[in-house]
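Everything below concerns the one structure shown next.
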Amino acid sequence: MPAPALFVVSGLTQYLGAAVAVRLFDVLAAPVVAWLRIVGAALVLLAWQRPWRHRWDRRRLLTTAAFGVVLAAMNVSFYIAISRLPLGTAVAVEFIGPVAVAAVTGRSVRERWAIVVAFAGVLLLAGVSLQLGPDAVVGLVAILVAAGFWAGYIVLGRVVARGATPVAAGAQDDGVPQVDAQTGGGLVGLALAMSVGALVFSPLAAGAGPVLHDGRLAIAVAAVAVLSSVVPYGVEQVVMRRVSAATFAVLLAILPASAAVVGAVVLRQWPHGLEIVGLALVTGAIVLTAPPGRSPSPRGRR
């Protein structure tokens with residue numbers, strides 16, 4: 001499946017999960033919701049991938065652990081931000097992280113132009129408007145922190161996704177990977193990373209008491225974990241193995257664009273004026289990331 005199509009799937013689940021999460025802020029503090037999301041995703045991924053059945057060298061273990069801390073910090077700071085800022089504004093400001101990665105790692109003029117075009121498109125889609133006040137200032141600081149962690153997520157996540165595949169404990173080292181080269185390696189690393197992130201931010205568990213006494217609340221938290229973490233981060237681990245960091249940063253612009261499309265098709269919230277221009281710019285940015293003479297594909301860049 002082409003990388004842009006995978007990102008559409010990722011965007012659909014992420015925004016649905018975010019919509020559920022925002023509703024939980026009336027019952028639980030935003031950082032607590034973020035931590036519960038991480039814990040829920042870690043439990044699902046641990047049961048699915050069972051990373052303890054694999055051998056880990058020290059370097060890969062440390063890289064994966066660092067990735068987990070960055071991922072968890074990104075989620076916590078983002079949830080603090082969207083509890084104080086409009087979601088569209090937060091997404092647009094946070095996109096500074098991918099912009100920085102593309103600007104530093106882009107290996108061609110096309111990639112650098114693509115990220116400029118994508119950033120402009122995201123700003124138009126979001127309709128950025130900040131009304132300064134105590135909440136807005138806290139939210140802005142939180143989303144800028146989240147942007148920095150998002151940049152770290154892209155860089156470290158790509159290393160984890162493309163790292164050497166761990167060999168199952170007890171298996172003969174015959175050169176045949178024990179984990180599927182396209183998905184398993186990255187998902188095993190993601191399972192371990194999520195677990196580390198959950199442990200590092202475990203002090204937030206102090207505010208999670210209501211989940212233990214409300215079944216519907218627990219189900220909602222589980223839905224957020226699967227929709228906002230397991231599916232999209234799993235998809236991104238697959239895509240990170242296939243494209244450059246700069247191209248991946250541009251593809252992230254599909255997330256707010258897919259939200260606009262879903263709003264039009266499902267909710268009849270049709271884009272108007274500058275939003276249509278924003279969609280066109282994001283589409284143009286994706287086209288720019290493809291090598292000349294070829295359409296965008298999962299293996300367009302290495």
Side-chain angles (χ1 to χ4, degrees), residues 1-11 13-14 38 41-42 44-46 48-75 97-98 100-102 104-107 111 115 148-168 176-198 226 228-255 286 289 296-302:
M1 185 182 292
L6 287 171
F7 263 90
V8 170
V9 174
S10 176
T13 60
Q14 272 198 4
I38 297 163
V44 172
L45 288 167
L46 285 174
W48 178 18
Q49 295 296 319
R50 294 176 290 180
W52 57 84
R53 298 184 61 188
H54 303 270
R55 289 202 301 266
W56 297 80
D57 61 68
R58 183 172 180 272
R59 180 178 179 181
R60 188 159 187 255
L61 187 61
L62 291 175
T63 301
T64 303
F67 173 57
V69 174
V70 167
L71 188 156
M74 177 183 72
N75 278 283
V101 171
V104 173
T105 64
R107 291 174 290 181
E111 286 179 327
I115 195 62
F149 283 122
W150 199 4
Y153 165 82
I154 296 171
V155 175
L156 289 174
R158 192 162 178 266
V159 174
V160 171
R162 303 185 67 162
T165 304
V167 179
V176 178
Q178 302 299 312
V179 178
D180 181 80
Q182 287 297 325
T183 58
L187 291 176
V188 170
L190 182 61
L192 181 60
M194 280 284 193
S195 303
V196 172
V226 173
S228 293
S229 291
V230 175
V231 175
Y233 292 155
V235 167
E236 289 173 10
Q237 282 294 302
V238 175
V239 176
M240 283 178 179
R241 297 179 66 89
R242 304 179 180 182
V243 301
S244 70
T247 299
F248 181 84
V250 174
L251 289 173
L252 288 171
I254 293 177
L255 301 182
I286 295 165
T289 62
S297 68
R299 302 182 184 275
R301 289 201 179 272
R302 291 187 178 276

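What's counted below: heavy atoms across the whole structure, side chains too, no hydrogens, waters or symmetry copies.
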Legend entry - Test log, rule side-chain contact (heavy atoms from CB on, under 4.5 Å), inputs Trp56 and Val188: CA-CA 11 Å; Trp56 297 80; Val188 170; 3.3 Å; yes
Inset, instruction - For side-chain contact (heavy atoms from CB on, under 4.5 Å), just list the numbers for Val226 and Val231, CA-CA rounded to whole Å, side-chain angles, deciding distance to a tenth of an Å, and then say yes or no. - result: CA-CA 6 Å; Val226 173; Val231 175; 4.3 Å; yes
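Heavy atoms only, all atoms of each residue included: Ile38 and Ala198 are closest at CG2-N, 3.8 Å. The heavy-atom pair separating Ser229 from Ala41 by the smallest distance is CB-CB, 3.5 Å. Contact record, Val70 with Gly152: CG1-C, 3.8 Å, taken as the closest heavy-atom pair. Looking at every heavy atom in both residues, Val230 comes nearest to Leu45 through CG1-CD2, 4.3 Å. A pairwise comparison of heavy atoms in Leu46 and Pro51 identifies CD2-CG, 3.6 Å as the closest pair.
Considering Val155, Val196, Leu156 in turn, Leu156 is the only one that fulfils the side-chain contact (heavy atoms from CB on, under 4.5 Å) rule with Phe67.
Counting only heavy atoms from C-beta outward, the side chains of Leu190 and Leu187 approach each other to under 4.5 Å. Two residues are said to be in side-chain contact when any heavy atoms from C-beta on lie closer than 4.5 Å; Leu192 and Leu61 meet this criterion. Looking only at side-chain heavy atoms (C-beta outward), Met240 and Phe248 come within less than 4.5 Å of each other.
When the side-chain contact (heavy atoms from CB on, under 4.5 Å) test is applied to Pro98, the partners found at least two apart in sequence or on another chain are Phe95, Trp150, Ile154, Ala249, Leu252. For Leu62, the side-chain contact (heavy atoms from CB on, under 4.5 Å) test picks out Arg58, with sequence neighbours left out. Ala73 pairs by the side-chain contact (heavy atoms from CB on, under 4.5 Å) definition with Phe149, Phe201, not counting sequence neighbours.
Residues Tyr153 and Asn75 bring no donor and acceptor atom of their side chains to less than 3.5 Å of each other.
To the nearest 0.5 Å, atoms CD (Glu236) and CD (Gln14) are separated by 6.0 Å.
When atom types are taken as modelled, the side chain of Thr13 and the backbone of Ser10 share a donor-acceptor pair closer than 3.5 angstrom.
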